[in-house]
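First the structure, in the form of structure tokens, and then the observations on it.
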Amino acid sequence: MVNVAVVGTQWGDEGKGKIVDIYAEKADIIARFQGGNNAGHTLVVNGRKTILHLIPSGILHNNKICVIGNGVVVDPAVLLQEIKELQKGSLFPPNTKLLVSERAHLIMPYHRSLDVAREAQNSSKKIGTTGRGIGPAYEDKVARRGIRVGDLYDEELFREKLHHALEEKNFLLKGLFKEKPLNEDDIASEYLGYAEKIKPYVADTSLILDTEIKKGKKILFEGAQGSNLDVDYGTYPYVTSSNTAAGYASCGSGIGPNAINNVVGICKAYTTRVGQGPFPTELKDAIGEHMQKVGQEFGATTGRKRRCGWLDIVLVRQAARVSGITALAITKLDVLTGLDKIKICVGYKSDQGEFTEAVPYNMNTLSKCKPLYEEFDGWKENISRAKKMGDLPANAQKYLQRLEELSGVNIILVSVGSGRGETITLKDPFRN
Ligand code: IMP
């Protein structure tokens, strides 16, 4: 049986939600393996827009198992709110199961407070985080002082861990950031309250995934953010605090790497970024504005305007290498409709005049790099009804062909609009 991981090849917001939603139909299990509610997957189903931050996009489908794996950081208030919203809209099918790993780490109120306080204090060194407490929660995990979902069911242990954590966090909040300290009893009763409500969903998800794999079930691993936000291979320090690369689908869900057969990289037909950090192909002109407006490039989590620019194949190639991407899905091609000329960045020229086709490790070097472009003629026709490559204008086909050559990865899907049906499907990643 073939299992598939879907990952972003840029800085997140590649339109993974729609593609995961399409592939979820073909899978039995949809598992998230990293990140938390910093993600925002926007889905348009039957004309209704739904944004999921934490729950896998597969939840909208009948008869699936949706897993929030051990590599995810879970804010239980957000989890419960999303469950409620889905149920209210009758979008949580009764025969679909939601499972949360008992090993996933909890986002605590002090994680959010520290995230926001650090960003406010460090105005010159700001990362531009989503303020959801993601970084501080992962810090505690790695420092071996985190509180895990399963700890909620051992009250003594939970209270002891909370007490220990708050001693340090309140010291930081009060002493360093001049913020109000947080109350231990309030947090304990809030979180023990969540414990009861989320109990039906909590499980040993690694064991369940293994059992399902042995039954021949198909898993879709749903990546959040994108390759350039990976804590190791992204534009560090302007990254998120987890590994977004496909390899982490294994660690973050508790199954071996040989269970991941295909990796689909989601690549927007242009590039966007939210938050701080270098962005070589950024356009601060009318074309960037066109992408921002037509592509409705606002952050799904924070509502911030996304920075926009030309497709940067240097970044996509690195993503393909780091994640072992076996196929590309191109999204939002329709947003480029109407532009006279379209460009792809194929390499960088450093401030020393050197040419490179690799992403420099040093962010100061990257921020001084000038993009080198190949230029293409645009198209004016509406492409939203295209169902096969031949339906696209010749110039759009040329752009995609060159993208495929430059990235070295085959394109298996092209999205030409936000609806599920506005898609050209060339190959099913669940079939080899
Ligand atoms: P954090 O993940 O909230 O710590 O934010 C770190 C960086 O990652 C910031 O630049 C955020 O804007 C960015 N980021 C986090 N999640 C997403 C996402 O889902 N899409 C795009 N950018 C994200």
Side-chain angles (χ1 to χ4, degrees), residues 6-20 32-43 51-57 71-75 78 82 105 107-108 110-120 122-123 125-142 222-245 248 252 265-268 270-279 282 291-292 295-309 315 319 331-332 363 366-367:
V6 166
V7 292
T9 62
Q10 293 154 320
W11 275 292
D13 308 317
E14 295 92 353
K16 290 183 293 297
K18 171 179 164 176
I19 312 305
V20 167
R32 272 199 62 183
F33 54 91
Q34 47 72 227
N37 59 308
N38 47 348
H41 285 180
T42 308
L43 306 157
I51 302 179
L52 293 171
H53 298 285
L54 183 59
I55 296 180
S57 313
V72 176
V73 283
V74 176
D75 186 326
V78 173
E82 286 192 3
H105 279 247
I107 297 181
M108 304 297 292
Y110 46 80
H111 292 140
R112 287 191 301 269
S113 304
L114 284 170
D115 193 358
V116 173
R118 275 191 196 135
E119 287 279 289
N122 267 333
S123 53
K125 294 246 180 307
K126 232 167 111 139
I127 306 290
T129 73
T130 59
R132 302 298 190 261
I134 306 296
Y138 277 116
E139 280 170 39
D140 276 356
K141 171 178 176 171
V142 178
E222 175 180 343
Q225 290 86 46
S227 192
N228 299 304
L229 290 172
D230 182 280
V231 70
D232 283 287
Y233 267 90
T235 43
Y236 190 90
Y238 301 102
V239 293
T240 191
S241 296
S242 63
N243 282 107
T244 58
Y248 202 72
I266 313 296
C267 175
K268 189 146 63 178
Y270 51 98
T271 311
T272 61
R273 166 161 218 177
V274 255
Q276 310 301 116
F279 180 173
E282 183 169 13
M291 293 167 176
Q292 203 276 323
Q296 294 179 28
E297 298 292 355
F298 291 97
T301 302
T302 56
R304 288 177 289 179
K305 256 191 191 180
R306 295 176 185 146
R307 299 154 67 193
C308 297
L315 298 176
T331 58
K332 297 186 117 171
M363 284 310 101
L366 181 62
S367 59

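All residue numbers in this chain count up from 1 along the given sequence. Each ligand, and each atom within it, is numbered from 1 in the order the structure gives. Remember, it's a predicted structure, so these values are computed and weren't measured experimentally.
- Remark: ligand 1 and Q276 share no N or O pair separated by less than 3.5 Å (distance only, no angle test).
- Considering only heavy atoms from C-beta on, I107 comes within 4.5 Å of I134 through its side chain.
- Annotation for Y236: atom OH does not count as buried by contact number, only 12 or fewer foreign heavy atoms lying within 6.0 Å.
- Between atom 23 (C) of ligand 1 and the options L229, N37, V239, the minimum heavy-atom separation is to L229.
- In terms of protein heavy-atom proximity, atom 11 (C) of ligand 1 is closest to G128 O, 3.5 Å.
- Sorted by first then second residue, the salt bridge (Lys or Arg N to Asp or Glu O under 4.0 Å) pairs that include residues 133-142, not counting sequence neighbours, are R118-E139, D140-R145, D140-K169.
- In this structure, Y238 does not count as a contact residue of ligand 1, since none of its heavy atoms falls inside 4.0 Å of the ligand.
- Considering only residues two or more places apart in sequence or on other chains, D115 meets the side-chain contact (heavy atoms from CB on, under 4.5 Å) condition with E119, T129, P136.
- With a 4.5 Å cut-off on side-chain heavy atoms, N243 and Q34 do not count as touching.
- Ring pair W11/Y238: centre-to-centre distance not below 6.0 Å.
- Taking every heavy atom of G275 and a limit of under 4.0 angstrom, the matching atoms of ligand 1 come to 10 (O).
- Rounding to the nearest 0.5 Å places OG1 of T271 at 11.5 Å from CZ of R307.
- Summary of contacts: the protein heavy atom closest to atom 17 (C) of ligand 1 is Q225 CG, 3.5 Å.
- Between atom 10 (O) of ligand 1 and the options V274, V231, T130, T302, the minimum heavy-atom separation is to V274.
- Between R132 and ligand 1, not a single N/O pair is under 3.5 Å apart.
- Residue S241 places no heavy atom under 4.0 Å from ligand 1.
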- [ ] Before giving the answer on salt bridge (charged side-chain N to carboxylate O under 4.0 Å, His left out), spell out for R304 and E297 the whole-Å C-alpha distance, their side-chain angles and the decisive distance to 0.1 Å.
- [x] CA-CA 9 Å; R304 288 177 289 179; E297 298 292 355; over 6 Å; no
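- Heavy-atom separations between R304 and ligand 1 include at least one value shorter than 4.0 Å.
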TODO: For salt bridge (charged side-chain N to carboxylate O under 4.0 Å, His left out), just list the numbers for D13 and R273, CA-CA rounded to whole Å, side-chain angles, deciding distance to a tenth of an Å, and then say yes or no.
DONE: CA-CA 8 Å; D13 308 317; R273 166 161 218 177; over 6 Å; no
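- The protein heavy-atom contact nearest to atom 2 (O) of ligand 1 is T240 OG1, 2.6 Å.
- In terms of protein heavy-atom proximity, atom 5 (O) of ligand 1 is nearest to T129 CA, 3.3 Å.
- Atom 21 (C) of ligand 1 has D13 OD2, 3.0 Å as its closest protein atom, hydrogens excluded (heavy atom only).
- Every atom of ligand 1 with a heavy atom of W11 under 4.0 Å away is listed here by number and element: 21 (C), 22 (N).
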